[in-house]
Amino acid sequence: MIQRCIQCGATYPLERVLYTCAACGDLLEIAVDAEDVRRLPTGAASGEVAGGPRPARGPATTLAAGSAGAAGGVWRYAAALPVEAAQAISLGEGATRLHRCERLGRELGVDALYVKTEGDNPTGSFKDRGMTVGVTQARRIGAQSVACASTGNTSASMAAYAAKAGLEAVVLVPDGKIAMGKLAQAVAHAARIVQIAGNFDDAMRLVQELSSGDGRTYLLNSINPFRLEGQKTLAYEVCDTLGDAPDTIVLPLGNAGNISAIWKGICEFHLAGRISRRPRMIGVQAAGAAPLAAFLRGQCREPRMADPETIASAIRIGAPVSWKKAAAAITDSRGSAESVTDEEILRAQRDLARLEGLFVEPSSATPIAWLRRERPTGLGTVVCVATGHGLKDPDAVLREAPNITKAGATLTELRSALG
């Protein structure tokens, strides 16, 4: 495996510390050989499909998430990752559940609707998939600290994995723009936290300037290609669990690394002959932070918004660093970038909870919000990616909660309160 520029094709060894191409300045990716993918284990990656029957497929081996040595979760796919499993900094990430959502599917008019709950990961979000690989690489190159800009989930995940690895964690967050549930995690894991007087994009600019080219401080935002290698395993798991690729994957779109990573995983499985088709990729942004959706519709010259604002704090990003990779994934898959309002997001969050028992943070509800509004036809089997657990941002749902009724301590008063 090597690092390769997505624009000019320049290549670099895995040991070289780079975040962008030294020749042209564009984004890097890890080039993986199809033979490495063919050597991966077959069968289900995350046990039985939750909430419904498994689709027709051959015999499957049930594997639970666990340590890297247990060949579960992300490290089940070590042969297609750019670091050795024996060196892995792991908390048992991956092998998250894929829920068959029949009640919600009927309401939305989707015959086969699945939700992949990435809140099952150790720190409660999909970021753990990337951090196990990114922090392992940081240790491999001898970094003394790791750093990130974050709207919340990245900081929580990086801080946890840095603690496991014995590395210092430096976190830059926009002042007043991070959910307390996420900030509390970074605090608990003893990260050095700096609140920037600006938005996420200001924090991102500063952390790139802070991270040194010699690798002493290793940058772990999604501009780092090693992080996306871990995140691509979500695609591997979905395909292994279903027995083939779904027809459509819908997911939140913020800094744009995750849609890029999932599409990379899909393409690697397809090239290796592990799946028969490639799905449409649909990324959903919040209307108040939808630079890529506007760009791909031809409404602006570059994907950038000066002052993004949305209740979905995880995707409150105005200048996504991985937009070129994301745009390619959407275009190549015949997909689209969409946007939904905060009101639609909160309704979708409630729908998932009341109909399927799945509590997700607001950004994770954007795929359901889009499906409810558009009622698109011809999507086939649909997998929605719920990127984070609802307890990451409890304030959002509590602001919309009905009044809690009080009653005296007698059965008569209780019945009266219940109506």
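Computed over heavy atoms, backbone and side chain alike; hydrogens, waters and symmetry mates excluded. On a predicted model such as this, the values are computed, not experimentally measured, just so you know.
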Please list, chain by chain and in numerical order, all residues satisfying side-chain hydrogen bond (donor to acceptor under 3.5 Å, both in side chains) with Arg205, sequence neighbours excluded. none
Shortest non-hydrogen contact between Ala293 and Glu338, atoms and distance: CB-O, 3.9 Å
When rounded to the nearest 0.5 angstrom, what distance separates OG in Ser336 from CH2 in Trp370? 5.5 Å
Name the atoms and distances for all side-chain donor-acceptor pairs under 3.5 Å in residues 131-138, with sequence neighbours left out.
| residue | atom | partner | partner atom | Å |
| --- | --- | --- | --- | --- |
| Thr132 | OG1 | Trp75 | NE1 | 2.9 |
| Thr132 | OG1 | Ile89 | O | 2.6 |
| Thr132 | OG1 | Glu93 | OE2 | 3.3 |
| Thr136 | OG1 | Ile89 | N | 2.9 |
| Thr136 | OG1 | Thr132 | O | 2.5 |
| Gln137 | OE1 | Arg140 | NH1 | 3.2 |
| Gln137 | NE2 | Leu14 | O | 3.1 |

Return the minimal non-hydrogen interatomic distance between Thr123 and Lys392, and the atom names on each side. O-NZ, 2.7 Å
Arg103 backbone acceptor or donor facing Glu356 side chain under 3.5 Å: yes
Would you find a donor on one side and an acceptor on the other, under 3.5 Å apart, between the side chain of Ser211 and the backbone of Gln208? no
Out of curiosity, Leu292 CG to Arg304 CZ, how far, rounded to the nearest 0.5 Å? 12.5 Å
Within the structure provided, determine whether Thr248 and Met281 are in side-chain contact (heavy-atom separation under 4.5 Å). no
Should Glu237 and Arg129 count as an ion pair when the cut-off is N to O under 4.0 Å? yes
When rounded to the nearest 0.5 Å, the distance separating CG of Leu296 from CD of Gln299 is 10.0 Å
Taking side chain as C-beta onward, heavy atoms only, is Tyr12 less than 4.5 Å from Cys21? yes
Are the side chains of Val170 and Leu210 in contact, using a 4.5 Å heavy-atom criterion? yes
Return yes if some donor-acceptor pair links the side-chain N/O of Thr366 with the main-chain N/O of Ser363 below 3.5 Å, else return no. yes
How long is the span from the CD atom in Gln195 to the CG atom in Leu183, to the nearest 0.5 Å? 6.0 Å
Going by atom types only, do Ser145 and Thr217 share a side-chain donor-acceptor pair under 3.5 Å? yes
Donor-acceptor pair, distance only, cut-off 3.5 Å: does the side chain of Asp342 make one with the backbone of Thr310? no
Looking at Ala31, is its backbone amide N or carbonyl O close enough to the side chain of Arg4 to form a donor-acceptor pair, meaning the two atoms are under 3.5 Å apart? no
Salt-bridge criterion met for Glu229 and Lys264 (N-O under 4.0 Å): yes
Take Leu104 and Leu352 through the side chain to side chain contact (heavy atoms under 4.5 Å, CB included) test and state the conclusion after the steps. CA-CA 7 Å; Leu104 184 56; Leu352 271 168; 3.7 Å; yes
Around Asp111, counting heavy atoms of other residues, nucleotides and ligands shown, do more than 12 lie under 6.0 Å from its CG? no
N-O pairing of Arg38 and Glu35 below 4.0 Å: yes
So do the side chains of Pro122 and Tyr161 get within less than 4.5 Å of each other, counting heavy atoms only? yes
Do Lys116 and Thr96 meet the criterion of a side-chain donor-acceptor pair at a distance under 3.5 Å? yes
For Thr341 and Glu344, indicate whether the former's side chain and the latter's backbone hold a donor-acceptor pair under 3.5 Å. yes
Does a side-chain N-to-carboxylate-O contact under 4.0 Å join Arg372 and Asp351? yes
Nearest-0.5 Å distance, NZ of residue Lys325 to CG of residue Leu27: 5.5 Å
One pair to check against salt bridge (charged side-chain N to carboxylate O under 4.0 Å, His left out): Arg280 and Asp247. What are the steps and the verdict? CA-CA 6 Å; Arg280 292 177 60 194; Asp247 298 293; over 6 Å; no
Residues which pass side-chain contact (heavy atoms from CB on, under 4.5 Å) with Pro367, listed by chain and number, not counting sequence neighbours: Val250, Pro252, Cys384
Using only heavy-atom distances, determine whether the side chains of Ser364 and Thr387 contain a donor-acceptor pair under 3.5 Å. yes
N-O pairing of Arg278 and Asp332 below 4.0 Å: no
Less than 4.0 Å between a side-chain N and a carboxylate O, is that true for Arg274 and Asp240? yes
Is there a donor-acceptor pair closer than 3.5 Å between any side-chain N or O of Asp128 and the backbone N or O of Ser157? no
Run the salt bridge (charged side-chain N to carboxylate O under 4.0 Å, His left out) test on Glu309 and Arg316 for me, step by step, so that the C-alpha distance in whole Å, both residues' side-chain angles and the decisive distance to 0.1 Å come before the verdict. CA-CA 6 Å; Glu309 189 56 60; Arg316 190 191 289 134; 3.3 Å; yes
How many angstroms lie between atom OG1 of Thr11 and atom CG of Leu28, to the nearest 0.5 angstrom? 10.5 Å
Answer with yes or no whether the side chains of Glu361 and Asn153 bring together a donor and an acceptor at under 3.5 Å. yes
Do Ser125 and His389 meet the criterion of a side-chain donor-acceptor pair at a distance under 3.5 Å? no
Working note: Ser222 + Asn258, criterion side chain to side chain contact (heavy atoms under 4.5 Å, CB included); need CA distance, chi angles, decisive distance, verdict. CA-CA 8 Å; Ser222 62; Asn258 207 29; over 6 Å; no
Could you tell me which non-hydrogen atom of Ala312 sits nearest to which non-hydrogen atom of Pro362, and how far apart they are? CA-CB, 4.0 Å
Are there over 12 heavy-atom neighbours, none belonging to Glu374, within less than 6.0 Å of that residue's CD? yes
Assess whether atom CZ of Arg375 is packed by more than 12 heavy atoms of other residues, nucleotides or ligands within 6.0 Å. yes
Please determine whether side chain to side chain contact (heavy atoms under 4.5 Å, CB included) holds for the pair Leu81 and Thr233, giving the CA-CA distance in whole Å, both sets of side-chain angles, and the decisive distance to 0.1 Å. CA-CA 9 Å; Leu81 297 176; Thr233 62; 4.3 Å; yes
Of all heavy-atom pairs linking Ile315 and Ala286, the shortest is CD1-N, 3.8 Å
Min side-chain heavy-atom separation Pro246-Val238 under 4.5 Å: yes
Could you walk me through whether Ile249 and Ser333 pass the side chain to side chain contact (heavy atoms under 4.5 Å, CB included) test, one step at a time? CA-CA 10 Å; Ile249 297 178; Ser333 70; over 6 Å; no
Would you say Arg354 has more than 12 foreign heavy atoms packed within less than 6.0 Å of its CZ? yes
Does this structure show an ion pair linking Arg192 with Glu168, if we count only N-O contacts that are shorter than 4.0 Å? yes
Can you name the closest pair of heavy atoms from Asn121 and Phe126 and give their distance? ND2-CA, 3.9 Å
Leu18 and Ala22: which non-hydrogen atoms are nearest, and at how many Å? CD2-CB, 4.3 Å
Hey, are the side chains of Ile196 and Pro174 touching, using non-hydrogen atoms and a 4.5 Å cut-off? no
For the pair Asn221 (side chain) and Ile223 (backbone), establish whether a donor and an acceptor sit closer than 3.5 Å, ignoring hydrogens and angles. no
Distance-only side-chain donor-acceptor flag, Tyr218 / Asn224, under 3.5 Å: yes
Indicate yes or no: does Lys182 engage Asp393 in a salt bridge with an N to O separation below 4.0 Å. no
